[in-house]
Amino acid sequence: MIVLRTHVSNLMPNPFRLLLPLSRSVTVTVNSLFPRTVSRFLPLASSTVAVASMSTYSTPKWWKESVIYQIYPSSFQAHPGAKNEQGIGWGTVKGITSRLDYLKALGVDIVWTSPIYKSPQADMGYDIADYKDIDPIYGSVGDVDELIAECKKRDMRLMMDLVVNHTSNMHQWFLESRSSKSNPKRDWYIWKDPKSRSDAGVPEPPNNWAQILGEANSAWTYDTETAQYYLSVFTPDQPDLNWENPDVREAVWDVMRFWLDKGVAGFRMDVINMISKVPSYPEAPIVLDPKTHKYQPGTQFFVNGPKLHDYMHEMYQKVLSKYDTITVGEMPGVDSEDEILRTVGADAKELNMIFIFALVDIDKPNVRMALKGWDVKEMKGIISRWQKVMFERNGWNSVFIENHDNPRSVSRYTDDSDEWRDKGAKLLALMQTTLGGTIFVYQGEEIGLRNAPMEWDPSEYKDIETVNYWKKCENIYQNDPEKLKLGRKVIQMKARDHARTPMQWSSAPNAGFCDADVKPWMRIMDDWKMVNAEVQMKYEGDELSVWQFWERGLKDRKEHADVFVYGGFEEVNKDDENVFGYVRTSKEGEKWLVVLNFSGKEQKWTVPTKEVDFWACSNYTKGRPEKSKSREIILRPWEGVLGKLSG
Ligand code: NOJ
């Protein structure tokens, strides 16, 4: 079972020494006493582990082997002198450009930035007011041109966020649409009459759907001028576009071409599986306590709706097929393999890959801001399922465990206490760098940032979802201190804010995020002097820092792409309740064994294969770990090891 602790302070770094990456026949210093030769390219091996026989080593493509790094732009880097109108420190495009060398050093190929377009920032840029302009808070279109050019110089590329399920309520399209029922853009959004009116004339929304980012509220917003409701499934600031209207679709294709013609590599598509709604807009089933919740999640009526694939095909045919792009669709709430393969199958002609939410939703009951127990076996099952499905059915995975909508992975899946944070972060790095698919690293994950501590007051949390949630708790549970305490715990475990604290660059004032005399828009984590990129990059010690471990892992992954990116996947010792073990196999038969102890206790684990040729790495040591090559091995708390299998 996972132990989650809130952190107190950090004691981490002892001095680090950068290790040469494990690569083709290079000699590395394991520790000062035992230099060894590390070679992952040993003669072809055949182990006793059965490997998926059905098909299908995916056709190599640049976007499959690329390392993507997600930037949360407000919190990444403010350039010197940057501050917003209120004098607040806020990340900028120039700031991103100034950190490209850092990203290159980590091994990043593609930089994906969350939205930087013109926006009132009601949902931190996921409410776009102009798709072809950049918000002045971040800079200008010229700054983005410069970013694209600077990426190119480094053989890197930029990927944009495409948010077209909805716009901002301040987008010109919406302003026109709401201006009158006869406006030509009226039909660009989803307008409906009230379901009913009370005797006093108070209107009722067309159905009982709840807002996703504030489930106490209706997904419909009443417009008094035209006496109709518009649909806004996230917040009233984010009205949903009506994709049934071909002019809307043409406008979206136009936006995509605009950025692709500028040279961006492609798009991450925000909730792209919500663009088609069930046209009868049925009432949602009651899953939240109706005594406290008037509105209910209506997601089943707009997730992978009836025309989704028509729209995606049209997008492919009219835009994507004309460019060599990377595309990843954010697709929450879909679990059907057939349905997912309709989008990411090799011949689907829709998207390269999607984000499957099963792993990050492991602790989600029916709404995100709530708690649900889970265990390691469940986690292993989810990961193994999608690794196998994509391999056997010739689809493509994205590999991710963090993003701006989830708490920090080291806090969620391992133990973020000062004692174990570093091991936990490296364990997760080892797992991700050895799973098949295109890998995504989220800002700060590479230095093992953790959740904000329990001691932080809810007022430190800025995200609209958290703010709405806490408002609801204070409202409903004002006379129930126990429930209120539970609400605070939910924030501790689930708030999106945990992933949005400013990046910790160095031990300089404000962690190097913004100028010393400027207050950052969001509180910086209290551990920044100890947990930061500079300290970790320079670290010299018996083991690698989290950053160094990621850097080496990403490099190894690339050099062994045939195994780790494209290879077959077979879970081993499935019944183990704490340890996740799997074998990755290249087309040529090279095999690697990954063993990950997802517990804070020592574990005995039996090697199910004939023989481990050598153990190549562990998150406890810089070089090769000492472990038995067959039968039983002992794994230390949160230890992960990688071994080359012999014949
Ligand atoms: C998903 C985004 O990742 C999230 O941050 C946002 O709030 C919603 N979509 C609405 O755009």
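It should be emphasised that the depicted structure is a prediction, and the values quoted were computed from it without experimental measurement. Numbering of ligands and ligand atoms starts at 1, following listing order.
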Taking 4.0 angstrom as the limit and counting only heavy atoms of [X], give me the atoms of ligand 1 inside it, by number and element.
X	value
Asp123	6 (C), 7 (O), 8 (C), 10 (C), 11 (O)
Arg496	4 (C), 5 (O), 6 (C), 7 (O)
Glu330	1 (C), 3 (O), 9 (N)
His166	10 (C), 11 (O)

For ligand 1, the portion of [X] having any non-hydrogen atom under 4.0 Å away:
X	value
Glu465	neither
Arg268	side chain
Met124	neither
Leu213	side chain

Exercise. Please check if the distance between the ring centroids of Tyr126 and Phe234 is under 6.0 Å.
Key: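 Judged by ring-centre distance (under 6.0 Å), Tyr126 and Phe234 do not meet the cut-off.
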Quiz item: Can the ring centroids of Tyr131 and Phe258 be said to lie less than 6.0 angstrom from one another?
Solution: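 Not close enough - the centres of the two rings lie 6.0 Å or further apart.
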Describe, in one word, how the ring planes of [X] and [Y] are oriented to each other, choosing from parallel (under 30°), tilted (30 to 60°) and perpendicular (over 60°).
X	Y	value
Tyr442	Tyr72	tilted
Tyr311	Trp243	tilted
Phe174	Tyr189	perpendicular

Quiz item: To which protein heavy atom is atom 8 (C) of ligand 1 closest, and what is the distance rounded to 0.1 Å?
Solution: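 The answer is Phe234 CE2, 3.7 Å.
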Practice problem: Considering heavy atoms of the protein only, find what lies nearest to atom 3 (O) of ligand 1 and give residue, atom and distance to 0.1 Å. | Solution: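 Looking only at protein heavy atoms, the one closest to atom 3 (O) of ligand 1 is Asp405 OD2, 2.4 Å.
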Practice problem: Find out whether the Lys NZ or Arg CZ of Lys185 is both under 6.0 angstrom from the six-membered ring centre of Trp188 and within 45° of the ring's axis. | Solution: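 Yes - Lys185 lies over the ring of Trp188, closer than 6.0 Å to its centre and within 45° of its axis.
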Self-check item: Chi angles and distances behind the side-chain hydrogen bond (donor to acceptor under 3.5 Å, both in side chains) call for Gln70, Ser114
Solution: CA-CA 7 Å; Gln70 183 191 352; Ser114 280; 3.1 Å; yes
Quiz item: For atom 2 (C) of ligand 1, which candidate among Asp270, Asn165, Ile272, Val163 provides the closest heavy atom?
Solution: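 Minimum heavy-atom distance to atom 2 (C) of ligand 1 goes to Asp270.
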Quiz item: Which heavy-atom pair separates Tyr413 from Val360 by the least distance, and what is that distance?
Solution: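 Looking at all heavy atoms of both residues, the shortest contact is OH-CA, 3.5 Å.
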